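From a predicted model like this one, the values you see are computed outputs, not experimental measurements. Note that these values count all heavy atoms, side chains included, but never hydrogens, waters or copies made by symmetry. Residue indices begin at 1 and follow the sequence shown.
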Amino acid sequence: MKCAVCFSKTRDDSQKIASLMAGEMKLYPHQSSECLDIGNQGSLGLVMTLMNKEKTIPFLYKDNDNVLAVSGAPIDMQGSIHKKFLSIVAGDYRQAAQLFREVDGAFACFFWDHPNRKFIITTDFLGFQPVYYILTNENFILASELKAMASSGLFDVEMDLAGWGAFISMGAHVGDKTSLKGVKRLEPASIYTFDPETFKLTQETYWKWPQLQSGTTWDNFDHQNMIEVLKTNIKKYAAYGPLGTVLLSGGYDSRFILALLKELNYDPQTLIVDHPDEHNNADGKLAIELAKRLRSSYEVKSSPQDFYSTDHYLDYLIKSEVATPNLYLFVANVSAFVNEQMSAVWEGVTLGYILTGTHYGTENFKEYFQHNLKPLDSQQWKAAKKVFSPKYIDQMFGSFKESLDHEVAKYPDDCAGVNGYAILNWSRNRTALNPCQVYANHTLCFLPGMCREFMNIVGGLPFEMKKDGRLYNKIFNQYFPQIADIPVCSGGQFFMSSQKAFHQWRLNAIKAQSRLLSHRFTQGLLRRINSASYEWHRSRLVDHVLDRLDLNHPDLNNEEIRKCQQWSKYSYERALLFYWQIWRWIMEGKIGGIKEELCRD
């Protein structure tokens, strides 16, 4: 479910505004919307996103005039989430604030306590389920998506310079910043209480990132408890109904999920999306080997080479609201195959940033940002200077850096702090976007590991335990030896859990083959015999978008963008201009009217 809320001191059309916001989030025919008057000039707009599922899985609760709306897939690790929500909607805001602390999973809850005239908003402990808001002296609006905020008509659509600076420097937003000026994202692990009488919003935080567990090794780490907590976590998701589909790759996370499900005697479907643009589709081939070994039924899908010219890619941009750079990146492909016929999808986004260490891989922030932050003299910022108005560039970088420093100050400068920052920023604002915002338009998304009990166990583990897949390798060797000999393709690298000589020989052979196929001499030879490695076709969608540019728009460097047709077809300048224009059309509510024309041949 998606939610939109409007309270106003001065306007009497809050229901109309909430309806407009909800209508903007309704993207597909299987989705439906409604609007509820919740008193005190407040209205709650709802979009039901799951076809035929609301009848059996409650996401909307009512008790007299109290209302509870739920986004995401919440779980109660100690009991029934349905009973928990029945207790909340029957009680008052004080009881709700206490009971919400016991909820796990990726979720956002919106509770109106009618007798006491209080509105409660709760975010999950990692803040994966997005909620955006604006609070002024006269209006309080919040929504599950940015485009709904923009559609309210209560403010102008303008770029948030810090948000766009983060987009350029880091490929994702930082902290509570967004791409839309004035709009912030609610913080993780927070219970917000809004009083419509005083128009004050208060916040309580109910969880903090665990501290570094210095000296912990595999031998003194309670890994058996970790496994049992994950199994309980999975059982809580399975209680929603049909098991759904595991999004299976050749990496660590999805094979861990599938192995746990099979050990619990669950038999989900598996979906494998070929990854032919990297390592000769080693990722897809290894996923098939895994599915066969675990005796799981599977389906293989492939995107066309012109995927980035199709309406499927444009749909991805609309659903993700251009929150991250993704042109020619595989991250956008899977969404084309997630549909409303699936009862749920299992995704490993939570596990990947906590058990591997490969995505942050540093002991302190200085080293982390050397690898993950594009400085002002980088190619990305040189391109940005050509695209955006000169008056914006210094403000973009400066305001981004200020917001980054503010966020980093929340964490200790050690590997646990870097780990926490990476999950609560990069993962929250980039990788969690797919399950919690994109896929959620069609189905439920189950994220094993998305509970505080698990995160408290593993969040502070030393980096040396996880480096190069060491922790995962230990897990597979001890608990799932039947798949420990299947190579892992993760982050563009290959690993092997089994240390047996023959298995290591296979790993080295795969690495050697990958190096050989990627060598420019081999590539040249393959091109001569028309067997070159897989490449995505250049996006015609980019061309169609840039053909419609307003060359005089005040956001842009009007002199430089007149030369955009001279820029390399694969240049970052063209990509950045493309992202900006699509984002503007989405926020201005114009994308639906020109979508068909943009995807023409």
Participant: Using only heavy-atom distances, determine whether the side chains of Tyr240 and His82 contain a donor-acceptor pair under 3.5 Å.
Facilitator: no
Participant: Go through the side-chain N and O atoms of Asn441 and Gln31 and say whether any donor and acceptor fall under 3.5 Å apart.
Facilitator: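 Yes, a side-chain donor-acceptor pair sits under 3.5 Å.
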Participant: Should the pair Arg452-Asp124 be classified as a salt bridge under the 4.0 Å nitrogen-to-oxygen rule?
Facilitator: no
Participant: Once the angle between the rings of Trp112 and Phe119 is folded into 0 to 90°, is it parallel (under 30°), tilted (30 to 60°) or perpendicular (over 60°)?
Facilitator: tilted
Participant: Would you mind reporting whether Leu248 and Trp346 have side-chain heavy atoms less than 4.5 Å apart?
Facilitator: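 Side-chain contact under 4.5 Å: no.
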Participant: Can you tell me if Gln269 and Ser297 form a side-chain donor-acceptor pair at under 3.5 Å?
Facilitator: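 Present: a donor and an acceptor within the cut-off.
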Participant: Is the shortest side-chain heavy-atom distance between Ile475 and Trp218 below 4.5 Å?
Facilitator: yes
Participant: Do the side-chain N and O atoms of Gln203 and Ser190 include a donor-acceptor pair separated by under 3.5 angstrom?
Facilitator: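 Side chains of Gln203 and Ser190: pair found under 3.5 Å.
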Participant: Calculate, to the nearest 0.5 Å, the distance between atoms CZ and NZ belonging to Phe463 and Lys467 respectively.
Facilitator: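 Answer for the CZ-NZ pair, Phe463 versus Lys467, is 5.5 Å.
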Participant: Would you tell me whether Gln437 and Glu321 have side-chain atoms, one donor and one acceptor, within less than 3.5 Å of each other?
Facilitator: yes
Participant: Verify whether one side chain among Asp485 and Ser498 offers a donor that lies under 3.5 Å from an acceptor in the other.
Facilitator: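 No - no donor-acceptor pair under 3.5 Å links their side chains.
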Participant: Salt-bridged, Asp76 to Lys84, with N to O below 4.0 Å?
Facilitator: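 Yes.
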Participant: Quick test of your reading of the model: are Glu145 and Lys319 salt-bridged, counting only N-O distances below 4.0 Å?
Facilitator: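 Looking at Lys319 together with Glu145, the answer is no, because their closest N to O distance does not fall below 4.0 Å.
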Participant: I'd like to know if Glu204 pairs up with Arg101 as an ion pair, taking the criterion as any Lys NZ or Arg NE/NH1/NH2 lying under 4.0 Å from an Asp or Glu carboxylate oxygen.
Facilitator: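 So Glu204 pairs with Arg101 through a salt bridge.
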Participant: Determine whether Leu444 and Phe59 make a side-chain contact, defined as any pair of heavy atoms from C-beta on separated by less than 4.5 Å.
Facilitator: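 A side-chain contact exists here, since the closest heavy-atom pair is under 4.5 Å.
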Participant: Report yes or no: do Tyr61 and Asn66 form a side-chain donor-acceptor pair below 3.5 Å?
Facilitator: no
Participant: Will you find, in the side chains of Arg185 and Asn429, an N or O donor that is under 3.5 Å from an N or O acceptor?
Facilitator: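 Their side chains do contain a donor-acceptor pair, which is all the 3.5 Å distance test asks for.
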Participant: Compare all side-chain heavy atoms of Ser87 with those of Leu99 and state whether any distance is below 4.5 angstrom.
Facilitator: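 Of all side-chain heavy-atom pairs linking Leu99 with Ser87, at least one is under 4.5 Å.
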Participant: Is the closest side-chain heavy-atom distance between Leu290 and Tyr298 below 4.5 Å?
Facilitator: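 The answer is no, as the side chains (C-beta and beyond) never meet within the 4.5 Å cut-off.
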Participant: Using side-chain heavy atoms (C-beta onward) and a distance below 4.5 Å, is Ile88 in contact with Phe100?
Facilitator: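 They are in contact (side-chain heavy atoms under 4.5 Å apart), so the answer is yes.
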Participant: Considering only NZ, NE, NH1 and NH2 on the basic side and carboxylate oxygens on the acidic side, decide whether Lys26 and Glu24 come within less than 4.0 Å.
Facilitator: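 No, Lys26 and Glu24 are not salt-bridged.
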Participant: With heavy-atom distances below 4.5 Å as the criterion, would you say the side chains of Val418 and Asp414 are in contact?
Facilitator: no
Participant: Relative to the ring of Tyr472, is the ring of Phe476 parallel (under 30°), tilted (30 to 60°) or perpendicular (over 60°)?
Facilitator: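 Rings of Phe476 and Tyr472: parallel, under 30°.
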Participant: Can you tell me if Asn333 and Tyr308 form a side-chain donor-acceptor pair at under 3.5 Å?
Facilitator: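 Checked: Asn333/Tyr308 side chains pair up, N/O donor to acceptor below 3.5 Å.
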Participant: For Trp207 and Asn456, which I'm curious about, is there any donor-acceptor pair between the side chains at under 3.5 Å?
Facilitator: yes
Participant: Using a strict cut-off of less than 4.0 Å between a Lys/Arg side-chain nitrogen and an Asp/Glu carboxylate oxygen, indicate whether Glu289 and Arg293 qualify as a salt bridge.
Facilitator: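 Between Arg293 and Glu289 there is a salt bridge, with a charged N closer than 4.0 Å to a carboxylate O.
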Participant: Hey, could you give me the OG1/CD1 distance between Thr205 and Ile191, rounded to the nearest 0.5 Å?
Facilitator: 9.0 Å
